[in-house]
Amino acid sequence: MSGRYQAPKGVSEYFPPRSNIFAFVGQKLTAPALAAGYELIELPIFEDTELFTRGVGESTDVVSKEMYTFEDRGGRSITLRPEGTAGVMRAVIEHNLDRGQLPVKLHYRGPFFRAERPQAGRYRQFYQFGVEAIGLNDPFIDAEVIGIAYQGFKSLGLNNFKLEITSLGDSDSRAAHRTDLVKYISGLKLDEETKVRAEKNPLRLFDDKRAEVKAFMKDAPLLLDYLNAESQENFANVQSALQSIDIPFEINPHMVRGLDYYTGTTFEFVHSGLGAQSGIGGGGRYDGLMQTLGGQDLSGIGFGLGIDRVILAMEAEGVVPSDLKYIDLYVIPLGASFRTAAFEMVNRLRQHGFVVEQSFGDRGLKGAMKAADKSGARFSLVLGEAEISSGSAELKDMSSGESVSVTLSALASTLAEKVKASNKA
RNA sequence: GUGGGCGUAGCUCAGCUGGUAGAGCACCCGGUUGUGGUCCGGGAUGUCGCGGGUUCGAGCCCCGUCGCUCACCCCA
């Protein structure tokens, strides 16, 4: 309130101590992807606007009203990426990543942008972690991709979420269903805006939160009932693959995804502690996307999950680790003439791999100890005249308050033992 | 785009039917000539979001405006 400048409306920002959670979450979510051989792809946060209008679909809300689009100095229409998959496909096609072994397995992380009215868990700049497996259509790959998200959530300590899956089938199944669904909807008394929405994509009505619309849709024909034999078998195989690695799920035949490119297996992770925006991640298979964007006719599957919402979910569940800022040792030089010795010692210990902070300035011992306490350091050490002349110092365990005398020349090895011992405790 | 709630200290908030602004936490110093967390003492901090109006007098009432927030549509 005091400064003149404010962050733009609706952005999520992370600064200490909460930024430690952000870093932690990113690392934990990435680990299962790396364990499955999904390598990093780092892409621009802006692309040609047409990539999204063609890839994501003109009829989607994302494209029709939520994109940050502007003209660059060369008169090109540029858009800040609203989602990750289209950009990944562009890069795969452009750089011929699909010429070798398939599937191409990639993961990404970074900021995304949608010009919506912000609310709890919904931001104009938000962060996603995502994974794509491109080039093979195999139920086990579907299950692997879903499993990567699932393991990531679990490794963060989350429990109050569930996985919902469905299948959108192939294009024939969808066409047959759509005909019946449109017929059904045409018999409903809907307001104009909703009718327009239904014309663009009748499936969207399944996702409406309004009670009267829900009541209307109760007896609507379900896409799942229209799957042909091949799609049915594929969906059954995905389910048994998930069961084989103990991933619980529910089938939600009403599930709708907001992006037009999904086909076949689609899924969503929802969390119960978040307010209105309960989705913490979602994704699915996309059969036509790559060809639409000018590449080969390859199928792919992927997900995007919201890091901001994952953090909110962890906070709601109370599973945020308390020791995310970790410091082994806090060094306190006592007296101006010992600052250089302390500075050298701190530097040497850091090169040994320890996380070390020191006090600066000329605050008194009490103030410096207070700072050591606040820092969360496990051990502290005062370096003054007595220590320099005797060559030994008191290494103090900050949680127990006890200290032991250590020889300065052997500090690194003593500290290593101590840290190891306190890790076990 | 539509609707509700809220803007007071760094943070969380109190402030009665209008009488000139407070608490807790955090921060700094000291009680202890070289050892933190508890305790005790002391200290700094506000254009009460902004602009206008009513009034002898506005944090409080009225109008406008900006911002934040939650929800709808929709989505991570």
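Letters go in sequence order (proteins before strands), and every chain restarts at 1. Nothing here was measured: the structure is a model prediction, and the numbers come from that model.
Using modelled atom types, one finds a donor on one side chain and an acceptor on the other under 3.5 Å when comparing R378(A) with S422(A). In the model, Y68(A) has no side-chain atom that pairs as donor or acceptor with a side-chain atom of E66(A) under 3.5 Å.
Mapping S400(A) and E66(A) onto RNA chain B by nearest heavy atom places S400(A) closer to the 5' end of the strand. Comparing D397(A) and G304(A) along RNA chain B, the residue whose closest nucleotide (by nearest heavy atom) sits nearer the 5' end is D397(A).
The two atoms that bring S173(A) and Y226(A) nearest to each other are CB-O, 3.5 Å, heavy atoms only.
Checking A76(B), G36(B), G34(B) against every side-chain atom of E385(A), the shortest atom distance belongs to G34(B). Residue F126(A) places its side chain closer to A76(B) than to any other of A76(B), C27(B), G37(B). When distances run from any side-chain atom of L365(A) to the nucleotides C27(B), G31(B), G34(B), the shortest one goes to G34(B).
Within the nucleic acid shown, L334(A) comes within 4.0 Å of at least one base atom, counting heavy atoms only. Among the protein residues, R257(A) comes within range of the sugar-phosphate backbone only, with heavy atoms under 4.0 Å from sugar or phosphate atoms but none that close to a base. Nucleic acid contact for Y127(A): none, since no nucleic acid atom lies under 4.0 Å from a heavy atom of the residue. Base contact: E387(A) has a heavy atom under 4.0 Å from a base atom. Looking at heavy-atom distances under 4.0 Å, K370(A) makes contact with sugar-phosphate atoms alone, never a base. As judged by a 4.0 angstrom heavy-atom cut-off over every strand, A386(A) is placed among the base-contacting residues. When heavy atoms are screened at a 4.0 angstrom cut-off, S380(A) is found touching no nucleic acid atom at all. Across all strands shown, E83(A) has no heavy atoms under 4.0 Å from either base or sugar-phosphate atoms.
Every residue meeting the side-chain hydrogen bond (donor to acceptor under 3.5 Å, both in side chains) condition with D328(A), not counting sequence neighbours, appears here in chain and number order: Y326(A). Residues satisfying the side-chain hydrogen bond (donor to acceptor under 3.5 Å, both in side chains) test with T263(A), not counting sequence neighbours, are D287(A). Partners of E357(A) under the side-chain hydrogen bond (donor to acceptor under 3.5 Å, both in side chains) rule, at least two apart in sequence or in another chain, are K325(A).
Rounded to the nearest Å, the gap between the P atom of C13(B) and that of G49(B) is 15 Å. G22(B) sits 14 Å from C16(B) when the P atoms are compared, rounded to a whole Å. Between G5(B) and C63(B), the distance separating the two P atoms is 13 Å to the nearest Å. Rounded to the nearest Å, the gap between the P atom of C11(B) and that of U47(B) is 11 Å. Taking atom C1' on both nucleotides, G42(B) is separated from G7(B) by 33 Å, rounded to a whole Å. Distance check on atom C1': G67(B) versus C39(B) gives 43 Å, rounded to whole Å. To the nearest whole angstrom, the two P atoms, one in A9(B) and one in A14(B), are 12 Å apart. Separation of the C1' atoms belonging to G64(B) and G57(B) is 23 Å when rounded to the nearest angstrom.
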Distances under 3.5 Å between protein N/O atoms and the N/O atoms of nucleotides 68-71 of chain B, please, pair by pair.
unit_1	atom_1	unit_2	atom_2	d
C68(B)	OP2	K9(A)	NZ	3.0
C70(B)	OP2	A120(A)	N	3.2
A71(B)	OP1	A276(A)	N	3.1
A71(B)	OP2	Q119(A)	NE2	3.3
A71(B)	OP2	A120(A)	N	3.2

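A salt bridge links D260(A) with R204(A): the closest approach of a Lys/Arg side-chain nitrogen to an acidic carboxylate oxygen falls below 4.0 angstrom.
For R204(A) and C73(B), the shortest distance from a side-chain N or O to OP1 or OP2 is not below 4.0 Å. The phosphate of C27(B) (OP1 or OP2) has a side-chain N or O of K374(A) nearer than 4.0 angstrom.
Between K366(A) atom NZ and G41(B) atom C1' the separation is 11 Å, expressed in whole Å. A76(B) atom P lies 16 Å from atom CG of L29(A), rounded to whole Å. Going from atom CD1 of I307(A) over to atom C1' of C75(B) covers 16 Å, rounded to whole Å. In this entry the distance linking CG of L163(A) with C1' of A76(B) reads 16 Å, nearest Å. Here G36(B) presents its P atom at 19 Å from CD1 of I327(A), a figure rounded to the nearest Å. Atom CZ in F338(A) sits roughly 16 Å away from atom C1' in U35(B) (whole-Å rounding). Atom CG in L395(A) sits roughly 17 Å away from atom P in U35(B) (whole-Å rounding). Taking atom CZ on F112(A) and atom P on A76(B), their separation rounds to 11 Å, with Å as the unit.
Ring orientation note: the planes of F129(A) and H107(A) are tilted relative to one another, at an angle of 30° to 60°.
In terms of polar N and O atoms assigned as donor or acceptor, the side chain of K65(A) never comes within less than 3.5 Å of the base of G1(B) in a complementary pairing. In terms of polar N and O atoms assigned as donor or acceptor, the side chain of E394(A) never comes within less than 3.5 Å of the base of G34(B) in a complementary pairing.
A 6.0 Å sphere centred on CD of E385(A) holds no more than 12 heavy atoms belonging to other residues, nucleotides or ligands.
Remark: RNA chain B forms stems of 3 or more consecutive Watson-Crick or G-U wobble pairs, all pair distances under 3.5 Å, at B:1-7 with B:66-72, B:10-13 with B:22-25, B:27-31 with B:39-43, B:49-53 with B:61-65.
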Problem set entry | Derivation of the side chain to side chain contact (heavy atoms under 4.5 Å, CB included) call for L156(A) and F24(A) | CA-CA 9 Å; L156(A) 289 167; F24(A) 175 71; 3.7 Å; yes
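Sorted by first and then second residue, the side-chain hydrogen bond (donor to acceptor under 3.5 Å, both in side chains) pairs involving residues 404-415 of chain A (not counting sequence neighbours) form an empty list.
When ring centroids are compared, F269(A) and F303(A) stay outside the 6.0 Å threshold.
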